[in-house]
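Residue numbers start from 1 in every chain, and the chains themselves are labelled A, B, ... in the order their sequence lines are given, proteins ahead of strands.
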Amino acid sequence: MHVEQKDGQDSPVDLIVDRKQFCFQRKLRLTKPAEFKRVFSNPLKSSDRYLTVLYRPNKLVNPRLGLAIPKRNIRRAKDRNRIKRLIREIFRTQQWEIGSFDIVVIAKPQANSCGSVDLSESILSHFKKLWLQKACDA
RNA sequence: CGAGUUGACUAGACAAUCGCUGUUUCGCCUUUGUGGUGGAAUGGAGGAAAGUCCGGGCUCCAUAGAGCGGGAUGCCAGGUAACGCCUGGGAGGUGAAAGCCUACGGAAAGUGCAGCAGAGAGUAGACCGCCUUAUCUCUUCUUGUAAGCGAUAAGGUAAGGGUGAAAGGGUGCGGUAAGAGCGCACCGCGCAACUGGUAACAGUUGUGGCAUGGUAAACCCCAUCCGGAGCAAGACCAAAUAGGGAGGCAGUGGUUCGCCACAUCGUGUUGCUCGCACGGCUUCCGGGUAGGUCGCUUGAGAUAUACGGUGACGUAUUAUCCAGAUGAAUGAUUGUCCACGACAGAACCCGGCUUAUCGGUCGACUCACCUU
RNA sequence: UGGGGAAUCGUCUAGCGGCAGGACUGCGGACUCUGACUCCGCCAACCAAGGUUCAAAUCCUUGUUCCCCAG
């Protein structure tokens, strides 16, 4: 945890915000089991038919995304890949709208049966909720 | 041109923008580290990546030991690192043909199993039958050692009927009281010799005379092969926490001071037994969870050519490096075109098999029709 | 990702080549003034597809689904 805070302080924040780039690098992801555990332990929830989104404010300037697509819910590897790509792409394009949150997206079995349009709308609505929360906090 | 068989190849294309990730390289920052960050170049899922059904490499474990047990394979020859795979051949089945399919060793080594039905289910058997003889009853007329119907008894049979999944060679002729491999011919089967073939096997000739039914994906026998676990294997760096790891010596009795014998339970050796190792004391020092690094992609590689081989494949030369992530990369948006895009996503790596699959391209062959 | 196991009426289970049995549930009846308990009867299944066998839930092969273990 200590290390991450440091990173946040040191990163050249203003530079990136000015450029408004839509990259999706390693620091925008949850990488370690401990980080995942932190989100799961005391989360705020938002869910619908397709997805459950757990989130928690972090102390960084950027949001971070973690994906949990269980094999139990979505059986075939190609479908799991498709859903992951979809979520990642939307996160990438919307990352400046979302505040400083650690987000874990969990897929439900229905996520496979619906089309990609429905799924992307669902993701967008979840992220909008986050944005509203950020506004309230502000 | 139609119907079919078979062997290969392919798996939307192009352009723009925004992204992910490996490698190389150039800047900048820096806590100087295999760091962070920005740019450039370049690479980035499959024919099945899947199932995990086989085989191998690689790594560790154990005295990589022995025996028993267990498992796998099963026509012959070859290929291969190896295989349960492939190629060629044989045999059997199937199709009009090209072709396709086959767990295809042994039932005269042994033990079993076959419910019900049926006379009888494996040292065969006799229900209805057929035939003979004896006795009895009756009928006929030629009045008999007659012929015939029926009953009983004693035999001979297995042609026919019936049972069953299966009834102890098949068909025909002779033969007979009726029958029967009883005899003969052909077919099948067994044995022997010869010929061809590396062999499986095939052919020819002779001979036997039915003896040898089915089931081995029942036990089993024969031949060949198999130690176990798996990259979450394993190696290294290392907060925390906990006490461990390596080397040396040996208890009791005897003693010729070299050694020998005894003690005896537990644990391990992933089925069992034998065998083997560990346990006590002392000396020395590191130990290794979170996390990270390596293993991690140059290989029984791929491409092309030549040669050898019927072929699987092998040999030689040439040229080349072709995913390597670690919450896990190939996507998104827009435009154009068409046949409107199936099955589906690498996680240590190869060789197969099996299963899923919208289509497209090329080659070879068979049959039918038409034209010449 | 690797390894291991299972599948039998609606549910839980027995069955190791020869008619698939039991319990609970369901339905019908009996008992009772009625209900429960009890008794009797009925319905209902071998995960799928091939193969071996005269005969397969059982033996073999392939597939499907589910569960467990290793962080």
Side-chain angles (χ1 to χ4, degrees):
Chain A
M1 221 55 71
H2 269 284
V3 179
E4 287 145 24
Q5 257 185 329
K6 258 189 198 170
D7 280 358
Q9 287 164 354
D10 290 346
S11 59
V13 182
D14 299 330
L15 199 74
I16 294 171
V17 170
D18 285 345
R19 283 188 194 168
K20 280 251 175 187
Q21 285 189 343
F22 298 107
C23 54
F24 181 60
Q25 288 175 333
R26 197 144 281 276
K27 65 178 181 180
L28 298 180
R29 306 182 203 172
L30 296 173
T31 52
K32 289 178 184 172
E35 294 165 4
F36 272 87
K37 225 170 236 174
R38 200 180 80 88
V39 177
F40 276 113
S41 63
N42 191 15
L44 299 157
K45 267 192 203 174
S46 161
S47 67
D48 65 357
R49 285 175 55 214
Y50 307 122
L51 303 166
T52 302
V53 178
L54 307 177
Y55 58 97
R56 222 187 143 168
N58 65 8
K59 293 170 183 171
L60 309 179
V61 290
N62 51 342
R64 291 191 300 176
L65 178 71
L67 294 166
I69 317 293
K71 200 174 193 177
R72 189 178 292 251
N73 292 356
I74 292 139
R75 195 150 291 284
R76 289 178 298 185
K78 63 158 195 130
D79 297 328
R80 285 200 297 278
N81 275 350
R82 203 195 81 221
I83 290 162
K84 280 193 268 185
R85 278 169 191 156
L86 212 68
I87 295 167
R88 253 190 239 119
E89 184 62 23
I90 290 161
F91 179 83
R92 187 173 71 81
T93 50
Q94 303 292 321
Q95 57 180 291
W96 301 107
E97 308 298 322
I98 306 161
S100 301
F101 288 103
D102 284 346
I103 305 163
V104 174
V105 180
I106 302 168
K108 293 186 175 180
Q110 286 86 351
N112 193 24
S113 53
C114 71
S116 7
V117 178
D118 287 350
L119 196 61
S120 54
E121 275 175 8
S122 161
I123 298 160
L124 272 175
S125 70
H126 285 304
F127 286 167
K128 241 170 226 167
K129 214 185 272 180
L130 283 175
W131 183 74
L132 280 175
Q133 179 129 6
K134 188 183 79 172
C136 287
D137 289 352

Opposite nucleotide pairing with rC367(B), Watson-Crick or G-U, both atom distances under 3.5 Å
rG2(B)

Name the pairing partner of rU198(B), where a pair is Watson-Crick or G-U wobble with both distances under 3.5 Å, or state none.
none

Rounded distance in Å between the C1' positions of rG88(B) and rC313(B)
12 Å

Where the side chain of Ala77(A) is defined as all heavy atoms beyond and including C-beta, which of rA328(B), rA332(B), rG345(B) is the nearest nucleotide?
rG345(B)

May I ask you to verify if any side-chain N or O of Arg80(A) is less than 4.0 angstrom from the OP1 or OP2 atom of rA344(B)?
no

The glycosidic conformation of rG89(B), counting syn as within 90° of 0 and anti otherwise, is anti

Who does rG112(B) pair with, Watson-Crick or G-U, both distances under 3.5 Å?
rU215(B)

rG51(C) and rG29(C), which share atom name P, separated by this distance in whole Å:
48 Å

Is any side-chain heavy atom of Leu54(A) closer than 4.5 Å to a side-chain heavy atom of Lys45(A)?
yes

Whole angstrom is fine here: how far is it from CG in Leu67(A) over to C1' in rU326(B)?
15 Å

Length of the CG-C1' vector between Leu65(A) and rA328(B), whole Å:
13 Å

Conformer about C1'-N of rG161(B) - syn within 90° of 0, anti elsewhere:
anti

The Watson-Crick or G-U wobble partner of rU255(B), with both key distances under 3.5 Å, is none

Heavy atoms, side chains only, cut-off 4.5 Å: are Tyr55(A) and Pro63(A) in contact?
no

rC75(B) and rG345(B), which share atom name C1', separated by this distance in whole Å
44 Å

Lys84(A) NZ to rG331(B) C1', straight-line distance once rounded to whole Å:
13 Å

Quickly work out the Arg92(A) CZ to rG19(B) P distance and round it to whole Å.
6 Å

Euclidean distance for P, rG74(B) against rG162(B) (whole angstrom):
45 Å

Quickly work out the Ile123(A) CD1 to rA332(B) C1' distance and round it to whole Å.
12 Å

Paired with rG18(C) by Watson-Crick or G-U wobble geometry, both distances under 3.5 Å: which nucleotide is it?
rC54(C)

Applying a 3.5 Å limit to both distances, which nucleotide forms a Watson-Crick or G-U wobble pair with rA44(C)?
none

Using the C1' atoms only, state how far rG359(B) lies from rA339(B), rounded to an integer number of Å.
8 Å

Minimum heavy-atom distance between Tyr50(A) and Ser122(A), given as atom pair plus value:
CD1-CB, 3.9 Å

Check whether any side-chain N or O of Asp79(A) sits under 3.5 Å from a backbone N or O of Arg82(A) as a donor-acceptor pair, and report yes or no.
no

Return the 5'-most residue of the pair Asp79(A), Leu86(A) with respect to RNA chain B, ranking by each residue's nearest nucleotide.
Leu86(A)

Identify which nucleotide among rA332(B), rG19(B), rG327(B) has an atom closest to any side-chain atom of Ala68(A), counting heavy atoms from C-beta outward.
rG327(B)

Syn/anti state for rU297(B) [syn: chi within 90° of 0]
syn

Does rC127(B) have a Watson-Crick or wobble partner in any strand here, with both distances under 3.5 angstrom, and which is it?
rG161(B)

Which nucleotide, in any strand shown, forms a Watson-Crick or G-U wobble pair with rU305(B), with both distances under 3.5 Å?
rA316(B)

Mind telling me whether rG258(B) is syn or anti, cutoff 90° either side of 0?
syn

Would you mind calling rC53(B) syn or anti? Take O4'-C1'-N9-C4 for purines or O4'-C1'-N1-C2 for pyrimidines, and syn is within 90° of 0.
anti

Identify which nucleotide among rG345(B), rA328(B), rG331(B) has an atom closest to any side-chain atom of Lys78(A), counting heavy atoms from C-beta outward.
rG345(B)

Leu119(A) CG - rA332(B) C1' separation (whole Å)
14 Å

Looking at every non-hydrogen atom in both residues, tell me the closest pair between Leu86(A) and Ser120(A) and how far apart they are.
CD2-N, 4.3 Å

Under 4.0 Å, heavy atoms only, any strand: does Arg82(A) hit a base, just the sugar-phosphate, or nothing?
nothing

Nearest-Å distance once atom C1' is located in both rU23(B) and rC296(B):
14 Å

For rA107(B) and rU215(B), measure between their C1' atoms and round to the nearest Å.
9 Å

Under 4.0 Å between a side-chain N or O of Arg29(A) and OP1 or OP2 of rA328(B)?
yes

Using the C1' atom as the reference point in each nucleotide, state the distance between rA48(B) and rG352(B) in Å, no decimals.
13 Å

Determine the minimum heavy-atom distance between Ile69(A) and Lys84(A), stating which atoms define it.
CG1-CG, 3.6 Å

Under the side-chain contact (heavy atoms from CB on, under 4.5 Å) rule, what do Phe91(A) and Val105(A) come out as? Steps first, then yes or no, please.
CA-CA 11 Å; Phe91(A) 179 83; Val105(A) 180; over 6 Å; no

Are side-chain heavy atoms of Leu51(A) and Leu119(A) found at a separation under 4.5 Å?
yes

Among rA328(B), rG345(B), rA332(B), which nucleotide has an atom closest to any side-chain atom of Asn81(A)?
rG345(B)

Counting side-chain heavy atoms from C-beta on, which of rA328(B), rG345(B), rC18(B) comes nearest to Arg85(A)?
rG345(B)

